[in-house]
Amino acid sequence: MEDAFRPSTDLDDPPNSRLFLVTSKSITEDMIREQFSLYGEIQDVWVVKDKQTKESKGVSFVKFTKSSEACTAMEEMHGKCLVEGTKPIKVFIAQARSSGSHRDVEDEELTRIFVMIPKTFTEDDLKDTFKEYGDIEYCIIVKNKTTGESKGLGYVRYHKPSQAATAIENCEKTYRAILAEPRNKTPAPDNDYFSPARAEHVQGDPGMTSYPFVDSGFHTRGDMRGTDIITRCLMMSSRASVTQDQVYSLFDLIPGMDYCEMQQDSYGFSTGQAMIRYNNLGSAVYAKNKLDGFEYPPGNRLVVTHVDDGQDRRSPVGRMAMQLVAAQMMSIVCNAPSAPPLRKTSAGYPPPAVPQSPRVQTDVALPPLQKLAPSDSRVKERLFVVFKPLPLPMDVLEDVFCRFGSLVEVFLVPGRNVGYMKYAERKSADDAMATLHEGHRTRDDLSDMTSNMTEPT
DNA sequence: CGACGGGACGC
DNA sequence: CGACGGGACGC
């Protein structure tokens, strides 16, 4: 309220650019200015004095233009004597005026930054990116506890506040670096499917209700309770002979299949077993749930089990999350316009034999995979993409749209069936549109996708 | 122990 | 037909 009277005179802008000094009462503004101006552009020096006596209270404030300057001055000047024979001064980052607190701001709160990074970043990548601003104590990437995937967020702890401040001021804007909140408070988890409040929210979200828990012609096997282990790796056993291609096609109906191989005996005959791996737990859980007990060919019940590959472990929360992911997978499969009519009671054999093919199948020939452009690339062109009936998963879109080169990012507008493919090169966007635009349909539900050009952000 | 002034209105 | 975001850590 009181701040509203002086909106344009925020003394703590940018944050942490003001110092709080405790000095001998004999220290004057000029002495402070003389010493502290070595570290940056000083906007203001204020020695607090008694209203009546005009004597210094031994407290001063020094406002710098930048937080990094203030931090450096603090680090260099704390504990120094400004004048021979006076007591050593104490220097802290001043509490924001609006905070009301007079607690010392500790280095702990000033040395750790929080950044948004590409999901492909390893901790070493993170370190390499941010070490130019100072010695790093450690780097941490926030990962999904269940799948181990990066959430695209990271923490970098520096040794000194000035290093963290310099990183925040000078790193690429795409990292959106800010000071990290201290670790103990506001622990609002984000992928907490276990929380009742969150579950209600998901149900009430218009963007999510389009992923109904409908059942299809797939066999649905009981439950996931009990002692099943949850992994991305599946073993399929069949008594009747099935070919590699049949198994591949069957399991490839679920997005995210990384690997599928029939086991063979020493004579080259099928053992009736196949190993299948997905790139995410949700797909594997879904595949097991739907294909375990499925009759293929009719009368032959397949047995599908998770295989402990030593990577994924069961957990109640993970299981809960997997159910939701599985529901989305189901919807995607159900909505596939040209997916084979896979029904337990269906007469014909399901999927036609498909030789080793990319896990994303489209009606048009796709170029090979290409690396993404660096996430901080300037976006030269964006494609506006409309999905009917539903958007594909992010990773599938990335797989398709990266093939034209220089893809920077896939962005889906939440709750709407539209999104943007951001490219660093105009030609890549043009090529993608030429290949995928209108009339071309992917084998999944990327149908009726249209694109047009808009101005880059 | 050691925490919040002074100045002052635009094109 | 449609249209422009997002942030948190196993003690």
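The chains referred to below are lettered A, B, ... by the order of the sequence lines, with proteins before strands, and numbering in each begins at 1.
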J.: So if I take every side-chain heavy atom of A:E409 and compare against C:dA3, B:dG5, C:dG6, which nucleotide ends up nearest?
T.: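 The answer is C:dG6, which lies nearest to the side chain.
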J.: Just compare B:dA3, B:dG2, C:dC4 and give me whichever is closest to any side-chain atom of A:R382.
T.: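 The listed nucleotide nearest to A:R382's side chain is C:dC4.
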J.: With sequence neighbours left out, write down each residue that passes side-chain hydrogen bond (donor to acceptor under 3.5 Å, both in side chains) with A:R33, or none if nothing qualifies.
T.: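 A:R33 satisfies side-chain hydrogen bond (donor to acceptor under 3.5 Å, both in side chains) with A:E29 only.
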J.: Is it true that atom NZ of A:K371 has more than 12 heavy atoms of other residues, nucleotides or ligands lying nearer than 6.0 Å?
T.: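 Open.
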J.: How many whole angstroms separate atom CG of A:N144 from atom C1' of C:dG10?
T.: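 Value for this atom pair: 13 Å.
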J.: Got a sec, which residues hit ring-ring contact (aromatic ring centres under 6.0 Å, His included) with A:F121, two or more places apart in sequence or on another chain?
T.: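 With sequence neighbours excluded, A:F121 shows a ring-ring contact (aromatic ring centres under 6.0 Å, His included) to no residue whatsoever.
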J.: Please list, in numerical order, the residues of residues 153-169 of chain A that have a heavy atom closer than 4.0 Å to any atom of DNA chain C.
T.: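 Correct list: A:L153, A:Y155.
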J.: Is there a donor in the side chain of A:K63 and an acceptor in the side chain of A:S17, or the other way round, less than 3.5 Å apart?
T.: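 Their side chains do contain a donor-acceptor pair, which is all the 3.5 Å distance test asks for.
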J.: Heavy atoms from C-beta onward define the side chain here; which of C:dC4, B:dC4, B:dG5 lies closest to that of A:K57?
T.: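 Comparing C:dC4, B:dC4, B:dG5 against the side chain of A:K57, the answer is B:dC4.
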J.: Considering only residues two or more places apart or on different chains, which pairs with a residue in residues 104-119 of chain A satisfy salt bridge (charged side-chain N to carboxylate O under 4.0 Å, His left out)?
T.: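 Pairs touching residues 104-119 of chain A that pass the test: A:R103-A:E109, A:E108-A:R157.
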J.: Only pairs at least two apart or in different chains count here, so list each salt bridge (charged side-chain N to carboxylate O under 4.0 Å, His left out) that has a residue in residues 64-77 of chain A.
T.: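 Pairs touching residues 64-77 of chain A that pass the test: none.
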J.: Between A:G58 and A:V47, name the one whose nearest nucleotide on DNA chain B is closer to the 5' end.
T.: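 Upstream on the strand: A:G58.
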J.: Describe the nucleic acid contact of A:E29 in one word from base, sugar-phosphate, nothing, applying a heavy-atom distance below 4.0 Å.
T.: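 Nothing: the residue A:E29, judged by heavy atoms under 4.0 Å, touches no strand.
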J.: Counting just side-chain N and O atoms, does A:R97 come under 4.0 Å of either OP1 or OP2 of B:dC4?
T.: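 For B:dC4, neither OP1 nor OP2 has a side-chain N or O of A:R97 closer than 4.0 Å.
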J.: I'd like to know if A:R97 and A:D12 make a salt bridge, using a cut-off of under 4.0 Å between side-chain N and carboxylate O.
T.: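 Answer for the salt bridge query: no.
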J.: Roughly how many Å is it from CG in A:L126 to P in C:dC9, rounded to a whole number?
T.: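 So the two atoms are 16 Å apart, to the nearest Å.
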J.: What pairs with A:E398 under side-chain hydrogen bond (donor to acceptor under 3.5 Å, both in side chains), at least two apart in sequence or on another chain?
T.: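 Partners of A:E398 under the side-chain hydrogen bond (donor to acceptor under 3.5 Å, both in side chains) test: none.
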J.: Under 4.0 Å from any atom of DNA chain C, heavy atoms only: list the residues of residues 76-95 of chain A that qualify, in numerical order.
T.: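 Residues of residues 76-95 of chain A under 4.0 Å from DNA chain C: none.
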J.: Under the salt bridge (charged side-chain N to carboxylate O under 4.0 Å, His left out) rule, collect the residues that match up with A:K427, sequence neighbours excluded.
T.: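 For A:K427, the residues satisfying salt bridge (charged side-chain N to carboxylate O under 4.0 Å, His left out) (neighbours in sequence not counted) are A:D431.
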J.: Side chains of residues 163-171 of chain A: which donor-acceptor pairs under 3.5 Å do they make with residues two or more places apart or in other chains?
T.:
{"residue": "A:Q163", "atom": "OE1", "partner": "A:H159", "partner atom": "N", "Å": "3.1"}
{"residue": "A:Q163", "atom": "OE1", "partner": "A:K160", "partner atom": "N", "Å": "3.0"}
{"residue": "A:T166", "atom": "OG1", "partner": "A:S162", "partner atom": "O", "Å": "2.6"}
{"residue": "A:E169", "atom": "OE1", "partner": "A:S68", "partner atom": "OG", "Å": "2.6"}
{"residue": "A:E169", "atom": "OE2", "partner": "A:S67", "partner atom": "N", "Å": "3.3"}
{"residue": "A:E169", "atom": "OE2", "partner": "A:S68", "partner atom": "N", "Å": "2.9"}
{"residue": "A:E169", "atom": "OE2", "partner": "A:S68", "partner atom": "OG", "Å": "3.2"}

J.: Answer syn or anti for C:dC9, where the cut-off is 90° from 0 on the glycosidic torsion.
T.: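 The base of C:dC9 is oriented anti (glycosidic angle more than 90° from 0).
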J.: Rounding to a whole Å, what distance do you find between A:K151:NZ and C:dG6:C1'?
T.: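 Going from NZ in A:K151 over to C1' in C:dG6 covers 13 Å.
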J.: Can you check whether A:F61 stacks with the B:dA3 base, using ring centres under 5.5 Å and planes within 30°?
T.: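 According to the criterion (under 5.5 Å, under 30°), no, A:F61 does not stack.
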J.: Is A:Y420 stacked on the base of C:dA3, meaning ring centres closer than 5.5 Å and planes within 30 degrees of each other?
T.: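 So A:Y420 does not count as stacking on the base.
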J.: What's A:I178 touching, base or sugar-phosphate or nothing? Going by heavy atoms closer than 4.0 Å.
T.: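 Base contact.
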J.: Counting only heavy atoms from other residues, nucleotides and ligands, does the tally under 6.0 Å from NZ of A:K80 exceed 12?
T.: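 Enclosed.
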J.: Round to a whole Å and report the spacing from CG of A:N417 to P of C:dA3.
T.: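 That distance rounds to 11 Å.
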J.: Please name all residues satisfying side-chain hydrogen bond (donor to acceptor under 3.5 Å, both in side chains) with A:S428, sequence neighbours left out, ordered by chain then number.
T.: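 side-chain hydrogen bond (donor to acceptor under 3.5 Å, both in side chains) list for A:S428, sorted by chain: A:S406.
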J.: Rounded to the nearest angstrom, tell me the gap between atom CD in A:Q43 and atom P in B:dG6.
T.: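 Whole-Å distance recorded here is 20 Å.
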J.: Among all residues two or more places apart in sequence or in another chain, which pass the ring-ring contact (aromatic ring centres under 6.0 Å, His included) test with A:Y175?
T.: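 Scan of A:Y175 (ring-ring contact (aromatic ring centres under 6.0 Å, His included), adjacent residues dropped) gives A:F130.
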J.: Distance check needed: C:dA8 P versus A:Y175 OH, whole Å only.
T.: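 Rounding to the nearest Å, OH of A:Y175 and P of C:dA8 are 19 Å apart.
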J.: Distance criterion of 3.5 Å, no angle test: do you see the side chain of A:K51 paired donor-to-acceptor with the base of B:dG6?
T.: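 Such a pair does not exist between side chain and base.
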J.: Hey, is A:F20 stacking on B:dA3? Ring centres under 5.5 Å, planes under 30°.
T.: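 Per 5.5 Å and 30° rule: yes, stacked.
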J.: Using whole Å, what does the distance between atom P of nucleotide B:dA3 and atom NZ of A:K25 come to?
T.: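 Those two atoms, NZ and P, are 9 Å apart.
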J.: Among the candidates C:dG6, B:dC4, C:dA3, find the nucleotide nearest to the side-chain atoms of A:R176.
T.: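 Of C:dG6, B:dC4, C:dA3, C:dG6 is nearest to the side chain of A:R176.
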J.: Atom CG of A:D50 to atom P of B:dG6: distance rounded to whole Å?
T.: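 It is 12 Å, rounded to the nearest whole Å.
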J.: Which of residues 111-122 of chain A have a heavy atom under 4.0 Å from DNA chain C?
T.: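 When residues 111-122 of chain A is checked for heavy atoms under 4.0 Å from DNA chain C, the hits, listed by number, are A:R112, A:F114, A:V115, A:M116.
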